[in-house]
Amino acid sequence: MLEKNFDPQTAEPRLYAAWEAAGAFAPIDDPDAEPFAIVIPPPNVTGSLHIGHALNNTLQDVLIRFERMRGKAALWLPGTDHAGIATQMVVERQLAEAGNQSRRDLGREAFVEKIWEWKAKSGGTIVNQLRRLGASCDWSRERFTLDEGLSAAVRKVFVTLHKQQLIYRDKRLVNWDPHFQTAISDLEVEQREVDGNFWHFAYPLEDGSGEIVVATTRPETMLGDTAVAVHPSDERYKGLIGRAVRLPIVGRPIPIIADEYADPEKGSGAVKITPAHDFNDFMVGKRNNLPMINILDDFGRINDNAPAEYRGLDRFAARKKVVEAFEALGLLREVEKTRHTVPHGDRSGVVVEPYLTDQWYVNAEVLAKPAIKAIEDGSTVFVPKAWEKTYFEWMRNIQPWCISRQLWWGHRIPAWFGPDGRVFVEETEGEAKRQAREHYGRDEPLRQDEDVLDTWFSSALWPFSTLGWPEKTSDLARFYPTHTLVTGFDIIFFWVARMMMQGIHFMDGQVPFKRIFINALVRDAEGKKMSKSKGNVMDPLELVDDYGADALRFTLTAMSGQARDIKLSRQRIEGYRNFGTKLWNATRFSQMNGCARAEGFDPAAVKVPLNRWIVGETTRTAQAVTAALADCGFDRAADELYRFIWRQYCDWYVELAKPLLGKPEEPPADAAAQAETQATAAWALDVILQLLHPVMPFVTEELWAQTADLGAARAYQGQLISAKWPELPTSLIDPAADAEIGLIIEAISEGRSVRAELNVPNSAKPALLVVEASEAQAKVLRDSAPLIAQLLRVSDVRFVQAVPDGAIPYVVEGATLALPVAEFIDLAAERARLTKEVGALAGDIERTAKKLGNADFVARAPEEVVEENRERLAEAEAAKAKLEGALRRLVTAA
RNA sequence: GGGCGGCUAGCUCAGCUGGUCAGAGCGACUGGUUUACACCCAGUAGGUCGGCGGUUCGAACCCGUCGCCGCCCA
């Protein structure tokens, strides 16, 4: 006998270990099996599982378990990402907390060594948390973006793209993060709106004949100004073009140039130009051959290109000092309050500076073209489709991708410089040396580029590098292209787009995945983004502790349909925990009632209408769940399962089956019906366990095991995780049985409603009177009398000619039934009930009659719609007439 | 400034290609020792489907427009 409740705390680890021990997570060997692969979005190796991971990985697990049961060679390939900045940051912070040393004190080699130590110590955290969730990843294939194989893939890709001139080195402005002292890509820059000032500065003309006013939000940049620009057609400045101003503080003469970038409408119409510290000014500088004077160092301090008293000052201190100087010089014309957007580093949170450096770039424009086409022609599809717009928008306006980072943690760039600055890009140092020897005619000392690659550079290769590329492995041949990618919309640009580009480029035009499912973002119950600083973070592990992994999984699955946000509340999770318990108890009930699999049971051969009905409903559900999961309709699948298992199987099937099952200690009224019901219940339960398994793997696996010995052996005797997915033919659905059980359910429901509304005591057991019914209905009601008696709490079912005085009539599917409960009821309550019913019917009749009275409707609407309305009208009118009769009698009686 | 998404019962949300589409869960309220389950059972609650126009025989669902809310990109 089953315990009273399922205990996730003890059962889940045990069940997970059993799956692993059985090797259930590896794809089956069968060479004929259709491959179905998912690569995990690799979480940061130093991270821990947050609720977004829980959602994302639950959906992946649902999919992989579903496809595995459908007989595919299902591979869910797990792994982690070295996450350059994030990880380096964590370890640096640790060092600082532990004592004293900065990474620079420690030196590159020792620092990287420390990170590896940290990874060894805590890198397994998130992976173990995925296990707690029930993730059925093939851990034997686990990868890490910095492991040997993936590093080889990274080098090969870099070298190949370089030889194809799709990777190049360039000196241009980058987004510089002074906190981490590294370049970052456009995507890693966050635009934040902040309060600031527009400082209006007067620059005196060199010849002392006047001044020109420019405005800036970053005064310190004036130290690097190399021109003032005005619009060529701006009449005010026509005469000044070609002349010069003397840059205050610095004393350098700079030209007044004409450039269309200057907007006559804005401010004075003149703008200061700092080509080395502003993206727009950089363009102006290029166009006009202006000198580019860099005034900052890597830390964002003023460098030696500025006057002595500014050197070494932080940029913000310098800003203040510059403004003070202008004021002192009498050249500060105005200070205007303003709100403007300022770029910040997404990791550091500090203001990012445009900074002139040498960096490596990927020519993304070229790689993007086929990646755009792959979505256009449907080689890869987005689900939901709307996301392709976001993808196109970005891809069609893609900019060069800056891939070098001045960090130590990551893939070191395979480029070596000779003494004259010539670069040799090769996969190994040896090869670079050979190339150098050939070039120089002798051995020259080479110096490897200090920089590492953007983390996303290696993540972009994930779908093929994890399968063994550049080796020609059997996994690569079998599982590439992968089938579905499940990820969040926040990394469509960072990751999805780049995988598309690299996958297609390096895998002979083959897309990395056929389908991209974009999951929602999880928020707290108020709809706020969860963050540590807000204190509204829900820890998935804590939720697993409190409710079990199944409950959390079901909740996330059921809520996954939301367009963009999931507002998660504990209440919801609790509800689905209860759902698991409900299933547990339904199984317990069948155990108590001898429900066991029958040898050679054939659902098509079942005779009792109730059993035929549940076979049909089970079939419908199986089909609906299959269709939903095949289509990434996770929420629909969950809703379908919930409704069927609780609302149909438990509420109706089990209840209606009770009379057929009889009491365990008594001999059955109908032994054949009892046996059939026991067998059918067991069959349906087995199907339920299979259908629910992808979403709630633990409780279903446990029940599967606990019911393994009940009755005949299953065709498949292994674990549920490896069992076959139910495929039930539509022929199992019997409309006649549906109609019969439908009538019984309605008769009981409506009858209950009457009793409740009239406050008929529970203990009262009147007869149920059938006043008027078709022959078929009468037969059903007669045959099901014991069922109805039990569930409606009536003494029996009797057939009469008319509604007796004091009996309460109600209409179900055209049949008139009545409950003789005169002695219990309150006449006023009954009048109210009947009046309400009649009113509702009258409203329906009015609407329908109006529609049918519309000649255009009758003429233009499809025949079946018109017919449907006619029937509805007739039914409603008949029902109304019956109830009105009852109401009249009631009035006269009173 | 450009783009996207949302606005449906107190709350969280379903409602695909216009014709029982006005729904579910939770909450609230009422009543329950019914062959498993109180993590349960039965029942009740009436929201002009954000506003205004339009298309249509017919619109929550299509079009236009306005209003909030959120996100992405400049």
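Protein chains get the first letters and strands the later ones, always in sequence-line order, with residue 1 at the start of each. Quantities reported herein were computed from a predicted structural model and do not represent experimental measurements.
In the set rC40(B), rA74(B), rU35(B), rA74(B) carries the atom at the smallest distance from any side-chain atom of Thr341(A). Across rC72(B), rA36(B), rU34(B), the shortest atom-to-atom separation from the side chain of Phe493(A) is found for rC72(B). Of the candidate nucleotides rA36(B), rA42(B), rG27(B), rA36(B) has the atom lying nearest to any side-chain atom of Lys658(A). Comparing rG43(B), rC40(B), rA42(B) by their nearest atom to the side chain of Arg647(A) picks out rA42(B). Proximity note for Lys582(A) (side chain, C-beta onward) versus rC40(B), rU35(B), rC26(B): the nearest is rC40(B).
Separating the C1' atom of rG25(B) from that of rC71(B) is a span of 27 Å, rounded to the nearest Å. As rounded to the nearest Å, rG43(B) and rU20(B) have P atoms that lie 25 Å from one another. Taking the C1' atom of each, rA9(B) and rC52(B) are spaced 24 Å apart, rounded to whole Å. rU56(B) and rC68(B): their C1' atoms are spaced 29 Å apart (whole Å). For the P atom pair drawn from rC21(B) and rC11(B), the interatomic distance equals 25 Å after rounding to whole Å. Rounded to whole Å, the separation between the P atoms of rG6(B) and rC62(B) comes to 10 Å. Look at the C1' atom in both rC61(B) and rC16(B): the space between them is 10 Å, to the nearest Å. A distance of about 23 Å separates the P atoms of rC72(B) and rU8(B), rounded to the whole Å.
Counting distance only, with no hydrogens placed and no angle test, the side-chain atoms of Glu655(A) and the base atoms of rA36(B) include a donor-acceptor pair under 3.5 Å. Checked by distance alone, Arg588(A) brings no side-chain donor or acceptor within 3.5 Å of a matching partner on the base of rC37(B). Evaluation of atom-type donor-acceptor distances gives no pair under 3.5 Å for the side chain of Lys389(A) against the base of rC4(B).
In terms of position on RNA chain B, the residue among Phe589(A) and Thr581(A) whose nearest nucleotide sits closer to the 5' end is Phe589(A). For the pair Val654(A) and Phe579(A), both in contact range of RNA chain B, the more 5′-proximal nearest nucleotide belongs to Val654(A).
In summary, the side chains of Thr390(A) and Glu393(A) do not present any donor paired with an acceptor at a separation below 3.5 Å, with no hydrogens or angles considered.
When all heavy atoms of Ala371(A) and Tyr391(A) are compared, the pair lying nearest together is O-OH, 2.8 Å.
In RNA chain B, the stems built from three or more successive Watson-Crick or G-U pairs (distances below 3.5 Å) are B:1-7 with B:67-73, B:10-13 with B:23-26, B:28-32 with B:40-44, B:50-54 with B:62-66.
For the OP1/OP2 pair of rA36(B) and a distance below 4.0 Å, the side-chain nitrogens and oxygens of Trp646(A) include no atom meeting the criterion. Put simply, Asn397(A) has no side-chain N or O that comes within less than 4.0 Å of OP1 or OP2 on rC73(B).
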